[in-house]
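Working notes for the structure below.
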Amino acid sequence: MLQLSIIKEDPQQVIDLLRIKNFDARELVEEIISIDKHRRETQKKLDEGLAEANNIAREIGVMFKEGRGREAEALKQRSAVLKKETQELGTVLEEAVAALEEKLVMLPNLPHPSVPAGKGAEDNELAESGDFTVDLTEGALPHWDLAKKYDIIDFDLGAKVTGAGFPFYKGKGARLQRALINFFLDEAIGAGYVEYQPPLFVNEDSAFGTGQLPDKDGQMYLIGEDRLYAIPTAEVPVTNIYRDMILRREDLPVRNVAYSSCFRREAGSYGKDVRGLNRLHQFDKVEIVHISHPDRSYDALEDMRRYVTTLLVKLGLPYRVLKLCGGDLSFTSALTYDFEVYSAAQQRWLEVSSVSNFEAFQSNRMKLRFRDEDGKTRLAHTLNGSALALPRIVAALLENNQNSRGIAIPEALRSYTGFDLIS
RNA sequence: GGAGAGAUGGCCGAGUGGUCUAAGGCGCACGCCUGGAGAGCGUGUAUGCGCCAAAAGCGCAUCAUGGGUUCGAAUCCCAUUCUCUCCGCCA
């Protein structure tokens, strides 16, 4: 949620910046400013009414104490009128606050000035390209065929037991999953991250805090009976740890890592994008979350980018890094790097990680603050990134490492898998 | 799931209808004292919103959350959430 103060200070700049995200904010900005004016006027009237009522109550107290209880009648009547007025004003204020928030949450985060303009994926800027040549093996198979050939992932079984997009991993496939999770966690811990194992379900406040609600309602699985949401990413619980908190300066930066299963309904997806491991309803991911001083959040973003790069290098995967253009940037993000690995057999790039700086957008919703040197509270900046998401890494490993004998396990993973070949 | 007890500031903890503008203590910050430190003494120490160009200041709200009773609620009533104890169930 954008800070009201930013909108009020320079509405035109907000409109101009959101245009980079292909978002026409003119109407919303105008409405927000006018609702806010109404809100403040109402608050002022209400406060005055309450102040008078407080004074009357105090006076009546004094009268009773001095045995002049009968004189209080007139004041009681005035108080009754005030009560009615303040109750009405309270309702008006509540409605104004709700209306304001309803409009505010509709505005996407402002893009960082360096974000290139553009409509979609084709306009993303190549930030970095790994130093790899991709050799297309003759007769290379896509991972869904390899999964079947080596009997390591069973999509049909998942469909039988649960539904499409809920595969079983089996034998060396299951072991590979476990190896990757441990590898990613150990790497993160080695880089100084603190490991968390979060709940897989969150309440409504948490889903709102990181921006899944109201924008992505319908993309999450909801346990209706208990009003809990299955997490679409560990970002949600791990960032919400800090909801409604004022951190001390020395608590920053926060650098957390968490492994979790992730659950996504993926309503509206179709075609080649959902084949095999490309898009699942349940998948595993190791997520890194930073909470940073606003002055240093872009340094943190670059740190995260370097860190994710080292993982891909260690796994020997052909990768590239894209800086997302305005049109491809998510609702909540100010700047995002996407990491893609090349899938030789599918002959396409697969997104395996997305590293973003949300600046104060999530913090403002969550009331995540810290105390600055001057003693004032300020909103912290939040960032997160996948490090990494398993399915597409597995897909890329299977496809890129296949040879006549089987699928070679990268050196870095062998101590985790306990085998060096899937055959 | 059943029964009971509870939730007060950064922390502990007092507070059963009006002066609560929340006692007291701890912690923290600053000052005095000291050769220095400690002890001691003094002062200060929440968050959000509004008024104000801003600061100062003032007002409003907040004693788990949401309602209610009352001229007036931390205090009384109702609901919810969470914590603890006992019982039941259970990996």
Side-chain angles (χ1 to χ4, degrees), chain A residues 1-11 32-105 197-209 223-229 237 240-252 254 360 362-380:
Chain A
M1 188 162 71
L2 281 183
Q3 289 159 267
L4 183 60
S5 55
I6 290 176
I7 299 167
K8 277 161 72 177
E9 241 161 64
D10 195 345
I32 284 166
I33 289 173
S34 110
I35 294 171
D36 177 59
K37 186 160 174 264
H38 176 228
R39 182 196 117 244
R40 282 183 290 117
E41 286 164 357
T42 310
Q43 171 106 50
K44 195 181 166 193
K45 275 191 247 169
L46 175 62
D47 284 356
E48 284 165 1
L50 289 170
E52 191 183 341
N54 285 343
N55 285 329
I56 288 175
R58 216 166 293 146
E59 272 181 64
I60 291 176
V62 172
M63 284 177 178
F64 272 101
K65 187 157 288 175
E66 297 175 353
R68 298 186 286 130
R70 242 175 258 171
E71 293 171 39
E73 272 320 304
L75 287 179
K76 281 192 186 182
Q77 275 171 30
R78 172 63 185 150
S79 186
V81 172
L82 278 174
K83 182 162 188 175
K84 191 156 179 287
E85 280 175 11
T86 51
Q87 264 174 354
E88 279 163 13
L89 281 170
T91 308
V92 173
L93 181 64
E94 241 170 68
E95 282 166 5
V97 168
L100 186 62
E101 177 163 302
E102 189 190 313
K103 297 292 177 190
L104 272 175
V105 298
Q197 205 171 99
L200 300 181
F201 302 94
V202 294
N203 59 29
E204 211 173 314
D205 286 345
S206 296
F208 181 80
I223 317 267
E225 201 174 350
D226 298 298
R227 297 179 61 88
L228 294 175
Y229 292 89
N240 272 286
I241 292 170
Y242 305 95
R243 174 154 50 80
D244 282 321
M245 274 180 78
I246 300 174
L247 297 171
R248 294 170 304 177
R249 247 180 90 79
E250 57 266 33
D251 293 332
L252 299 179
V254 168
Q362 290 180 330
S363 299
N364 190 36
R365 284 191 179 200
M366 277 193 285
K367 306 288 173 267
L368 194 185
R369 291 153 296 169
F370 71 100
R371 204 173 295 283
D372 209 349
E373 266 163 343
D374 56 7
K376 291 243 168 78
T377 57
R378 291 177 67 185
L379 292 171

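Naming convention: chains lettered A, B, ... in sequence-line order (proteins, then strands); numbering from 1 in each chain.
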* Once you apply the 3.5 Å cut-off to both distances, tell me the Watson-Crick or G-U wobble partner of B:rC32, or none. => B:rG40
* Does A:N203 have any side chain to side chain donor-acceptor pair (under 3.5 Å) partners at least two apart in sequence or in another chain, and if so, which? -> A:S206
* Base paired to B:rU45 (Watson-Crick or G-U; both N/O distances under 3.5 angstrom) -> B:rG27
* P atom, B:rG18 versus B:rA73: distance in rounded Å? -> 11 Å
* To do: For B:rG50 versus B:rG44, give the span between their P atoms, rounded off to a whole number of Å.
  => 28 Å
* Asked: Using the P atom in both, what is the distance from B:rG66 to B:rA61, to the nearest Å?
  -> 14 Å
* To do: Scan nucleotides 64-74 of chain B nucleotide by nucleotide, 5' to 3', and note B when protein non-hydrogen atoms come under 4.0 Å of the base, S if they reach only the sugar-phosphate, - if neither.
  => ------BBS--
* Asked: Atom CZ of A:R248 and atom P of B:rG10: how far apart are they, to the nearest Å?
  -> 13 Å
* **salt bridge (charged side-chain N to carboxylate O under 4.0 Å, His left out) partners of A:E95, counting only residues at least two apart** => none
* Take atom NZ in A:K37; do more than 12 heavy atoms of anything else shown fall under 6.0 Å from it? -> no
* Structure fact -> The salt bridge (charged side-chain N to carboxylate O under 4.0 Å, His left out) partners of A:D251 (sequence neighbours excluded) come to A:R248
* So which nucleotide does B:rG9 pair with, by the Watson-Crick or G-U wobble rule with both distances under 3.5 Å? -> none
* Partners passing salt bridge (charged side-chain N to carboxylate O under 4.0 Å, His left out) against A:E101 (at least two apart in sequence or in another chain) -> none
* Asked: Counting only heavy atoms not in A:R249, do more than 12 sit closer than 6.0 Å to its CZ atom?
  -> yes
* Could you check which nucleotide pairs with B:rA3 in any of the strands shown, counting Watson-Crick or G-U wobble with both distances under 3.5 Å? => B:rU85
* How close or far is atom C1' of B:rG10 from atom CD of A:E250, stated in whole angstroms? -> 12 Å
* Please measure how far the C1' atom in B:rG10 lies from the corresponding atom in B:rC63, and state the result in whole Å. => 16 Å
* To do: Would you name the heavy atoms of A:G49 and A:T86 that are closest together and state the gap between them?
  => C-CG2, 3.8 Å
Protein-nucleotides 81-84 of chain B N/O pairs under 3.5 Å:
none

* Residue list, side chain to side chain donor-acceptor pair (under 3.5 Å) with A:K45, at least two apart or on another chain -> none
* Just name whichever nucleotide pairs with B:rA74, Watson-Crick or G-U, keeping both distances under 3.5 Å, else none. => none
* To do: Considering only atom C1', compute the distance from B:rA22 to B:rG9 and round it to an integer number of Å.
  => 9 Å
* **Listed partners of A:L93 passing side-chain contact (heavy atoms from CB on, under 4.5 Å), at least two apart** => A:R39, A:T42, A:Q43, A:L46, A:V97
* Can you tell me, in whole Å, how much space there is between the P of B:rG6 and that of B:rC77? => 11 Å
* To do: Would you please confirm or rule out a distance under 4.0 Å between OP1 or OP2 of B:rC60 and any side-chain N or O of A:N54?
  => yes
* Asked: According to the Watson-Crick and G-U wobble definitions, with both distances under 3.5 Å, which nucleotide is paired to B:rC58?
  -> B:rG50
* Rounding to a whole Å, what distance do you find between A:L89:CG and B:rA61:P? -> 14 Å
* Counter-base of B:rA22, judged by Watson-Crick or G-U geometry with both distances under 3.5 Å -> none
* Rounded distance in Å between the P positions of B:rA14 and B:rC89 -> 37 Å
* Is any side-chain heavy atom of A:L2 closer than 4.5 Å to a side-chain heavy atom of A:I32? -> no
* Structure fact -> side chain to side chain donor-acceptor pair (under 3.5 Å) filter on A:E52, not counting sequence neighbours, yields A:R78
* Provide the distance between the two C1' atoms, one in B:rG27 and one in B:rC11, to the nearest whole Å. => 7 Å
* Both distances under 3.5 Å, Watson-Crick or G-U wobble: report the partner of B:rU80, or none. => B:rA64
* Between atom CE in A:M245 and atom C1' in B:rG10, what is the gap in whole Å? -> 11 Å
* To do: Treat primed atoms plus P, OP1 and OP2 as sugar-phosphate and everything else as base, then score nucleotides 46-51 of chain B 5' to 3': B for base contact with protein heavy atoms under 4.0 Å, S for sugar-phosphate contact only, - for none.
  => -SSSSS
* Asked: Under the ring-ring contact (aromatic ring centres under 6.0 Å, His included) test, which residues partner A:Y242, sequence neighbours left out?
  -> none
* **Contacts of A:R371 that satisfy salt bridge (charged side-chain N to carboxylate O under 4.0 Å, His left out) - sequence neighbours left out** => none
